[in-house]
Amino acid sequence: MLDIKLIRDNPDRVKERLATVGVLETDVDALLNSDRVRRARIREVEALRAERTTRSKEIRKISDPTERDSAVRSMRALGERVSQLEKQLAQEEEDFQQRLLELPNLPHPDVPVGKDEDENVVIRTEGKPPTFVFSPRPHWELGEALGIIDFARGVKISGSRFYILKGLGARLQRALINWMLDLHVNEHGYTEVYPPVMVKQDCLVGTGNLPKFGDNLYRDIEEDFWFIPTAEVPVTNLYREEVIEPGQLPVYHVAYTPCFRREKMSAGRDVRGIKRGHQFDKVEMVKFVEPSHSDAELLALVDNAEEVCRKLNIPHRVVQMCTGDLSFVAACKYDVEMWAPGCAEWLEVSSCSNFRDFQARRAKIRYRPEPGAKPELVHTLNGSGLALPRVVIAILETYQQGDGSVVIPDVLRPYMGGQEKIDRAS
RNA sequence: GGAGAGGUGGCCGAGUGGUCGAAGGCGCUCGCCUGCUAAGCGAGUGUACGUUUAACCGCGUACCGAGGGUUCGAAUCCCUCCCUCUCCGCCA
């Protein structure tokens, strides 16, 4: 959420920058108008309430019953007027909130301006794509042939976009989870958390998934439980409505959770393999930092994600999103993509964003810069570290052998009981 | 899920219709005093929104778990919900 005062004071600058992420000027004007209406109503209501208080206090001093009675009678009208206007104010207040909540973040000034994903910028590429003396196969063929991915039974149990990992396939994913968590905890300074994967609606408003993107979420119909689309949601909300005391920042958290997404919008896209499912696992890094550090913290976050690629020895590249491809909440965003030689594409395995104070304002996450000082909004950031299915894809396709077996990357072997390869026999 | 108790400021805790943003205590901040420390004395000490301002101050309104209602007026009365604790039930 943007600061309404910023929009009020610099409407033209805000419009100009929001235009680069596709927001119409008329939307901003509608918001500003709604703000004006609401503030005028506040003045009106508060003046009447002040009058009510003063006159009520006078009533108790009136001892003559007739006089008192007529005073009460005339006050009754005022009371009704107040409650009528309060209802109107509540509506106008809601209209304003809704508009403000649906306005995306301002892009960071350094973000390249562009229309859509075609104008994203590849920042760097690390590692060389592997060469094969045979033609590399996609993971859905490898996985099925090895008996470690079962698509048919996934569909039987839960429908399309579900699959079963089996045997060493399941173990490979589990090894990755444990190894990545250990890496971020031991070498990158993150504190592990195990959060709920069902959360209250407020959490999703805090991170910016609601009110606008509810159609990509699963929820319980009886209670206020929403299934998280990413660990970012519960972990960011950990400090909702809290003031982080001096000396506590930066706070780094890493969490492993399953993630649930309806993927309604992308029906028909990426249907083959395990690239895009309704349920997938992810290790997620979340940072809470002082505003002046957030730019540097984003670069460090990206590097933490890249480190996973490096240690697995899988080529990767870093892509900066242009204004047109920024998410609703991000001020600046980099994707880390791994090369998958079997399906011959770059797979997004991590998305690292600086939200600046956009989420913090929604979720009221603040910090105290100095003892006794006024609380200020923190900056929040997060990035995958990494998304499991796509890393599994990249490993299977990168480490595949001519005989259809797959060699296990060195760093994972201790997490797989010393196992060195996956083949049909195992 | 059932029965009971309870939710008031940073913390403890009083308050059952107006003089209550809320006694008292603790904590904290500032000042005084004290040759260190401790004690003592005095003053101050919530948040949000609106208004005004360069900014502060000031002024107004709201906030006593949340929402709704009664009333001229609600922390206080009524209704609904949430949460915590104790006991029982169930359960990985």
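FYI, side chains are in, hydrogens and waters are out, and symmetry mates aren't considered; it's all heavy atoms of this structure. Lettering of chains follows the sequences in order, A, B, ..., and the numbering in each one begins at 1.
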**Q** Kindly check if the number of other-residue, nucleotide or ligand heavy atoms within 6.0 Å of NZ (A:Lys212) is above 12?
**A** yes

**Q** Is there a donor-acceptor pair under 3.5 Å between the side chain of A:Asn237 and the backbone N or O of A:Cys203?
**A** yes

**Q** Give the stems involving RNA chain B, where a stem is 3 or more consecutive Watson-Crick or G-U wobble pairs (i with j, i+1 with j-1, and so on) under 3.5 Å.
**A** B:1-7 with B:82-88, B:10-12 with B:24-26, B:27-32 with B:40-45, B:46-51 with B:58-63, B:65-69 with B:77-81

**Q** With sequence neighbours left out, write down each residue that passes side chain to side chain donor-acceptor pair (under 3.5 Å) with A:Gln98, or none if nothing qualifies.
**A** A:Glu102

**Q** What pairs with A:Asp27 under salt bridge (charged side-chain N to carboxylate O under 4.0 Å, His left out), at least two apart in sequence or on another chain?
**A** none

**Q** For the residue pair A:Tyr190 and A:His188, does the interplanar ring angle fall in the parallel (under 30°), tilted (30 to 60°) or perpendicular (over 60°) class?
**A**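 Geometry flag for A:His188 against A:Tyr190: perpendicular rings.
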
**Q** Which residues satisfy the ring pair (Phe, Tyr, Trp, His ring centres under 6.0 Å) test with A:Phe225, sequence neighbours excluded?
**A**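 With neighbours one apart ignored, the set is empty.
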
**Q** Can you list every salt bridge (charged side-chain N to carboxylate O under 4.0 Å, His left out) pair that touches residues 226-247 of chain A, not counting sequence neighbours?
**A** A:Glu245-A:Arg368

**Q** Give me the distance, rounded to whole Å, that separates B:rA14 from B:rC20 when you measure between the C1' atoms they each carry.
**A**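 About 12 Å, rounded to a whole number of Å.
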
**Q** I'd like a table of atom pairs between the protein and nucleotides 66-68 of chain B - only N or O on both sides, under 3.5 Å - with the distance next to each one.
**A**
none

**Q** With a 4.0 Å cut-off on N to O distance, would you call A:Asp357 and A:Arg361 a salt bridge?
**A** yes

**Q** Considering heavy-atom distances to RNA chain B, does A:Arg73 or A:Thr53 have its closest nucleotide positioned more toward the 5' end?
**A** A:Thr53

**Q** Report all interatomic pairs (protein N or O, nucleotide N or O of nucleotides 48-51 of chain B) with separations under 3.5 Å.
**A**
residue, atom, partner, partner atom, Å
B:rU51, OP1, A:Arg39, NH1, 3.3
B:rU51, OP1, A:Arg43, NH1, 3.0

**Q** Grab the N/O contacts between the protein and nucleotides 54-57 of chain B below 3.5 Å, and write none if there aren't any.
**A**
none

**Q** Could you work out the separation of B:rC41 and B:rC49 based on their P atoms and round it to a whole Å?
**A** 39 Å

**Q** Show the numbers, then the answer: is there a side-chain contact (heavy atoms from CB on, under 4.5 Å) between A:Glu144 and A:Ile149?
**A** CA-CA 5 Å; A:Glu144 230 161 15; A:Ile149 308 178; 5.8 Å; no

**Q** With A:Thr207, which residues qualify under side chain to side chain donor-acceptor pair (under 3.5 Å), at least two apart?
**A** A:Asn209

**Q** Holding to side chain to side chain donor-acceptor pair (under 3.5 Å), I want the full list of residues that pass it with A:Gln91, two or more places apart in sequence or in another chain.
**A** none

**Q** Indicate the ring-plane relationship of A:Tyr239 and A:His253, choosing parallel, tilted or perpendicular according to the 30° and 60° boundaries.
**A** parallel

**Q** Using the 3.5 Å cut-off, write out each protein N or O paired with an N or O of nucleotides 17-23 of chain B and the distance between them.
**A**
residue, atom, partner, partner atom, Å
B:rG18, O6, A:Arg68, NH2, 3.1
B:rG18, N2, A:Ser56, O, 2.9

**Q** Can you give each donor-acceptor pair under 3.5 Å made by side-chain atoms of residues 30-50 of chain A, sequence neighbours left out, with the distance rounded to 0.1 Å?
**A**
residue, atom, partner, partner atom, Å
A:Ser34, OG, A:Asp95, OD2, 2.8
A:Ser34, OG, A:Phe96, N, 3.4
A:Asp35, OD1, A:Arg8, NH1, 3.2
A:Asp35, OD1, A:Arg38, NH1, 2.5
A:Asp35, OD2, A:Arg8, NH1, 2.9
A:Asp35, OD2, A:Arg39, NE, 3.4
A:Arg38, NE, A:Glu93, OE1, 3.4
A:Arg38, NE, A:Glu93, OE2, 2.6
A:Arg41, NE, A:Glu92, OE1, 3.0
A:Arg41, NE, A:Glu92, OE2, 3.3
A:Arg41, NH1, A:Glu44, OE1, 2.9
A:Arg41, NH2, A:Glu92, OE2, 3.0
A:Arg49, NH1, A:Glu86, OE2, 2.5

**Q** In whole angstrom, give the distance that lies between atom CD of A:Glu376 and atom P of B:rU47.
**A** 13 Å

**Q** Rounded to whole Å, please give me the gap between CZ in A:Arg368 and C1' in B:rU29.
**A** 13 Å

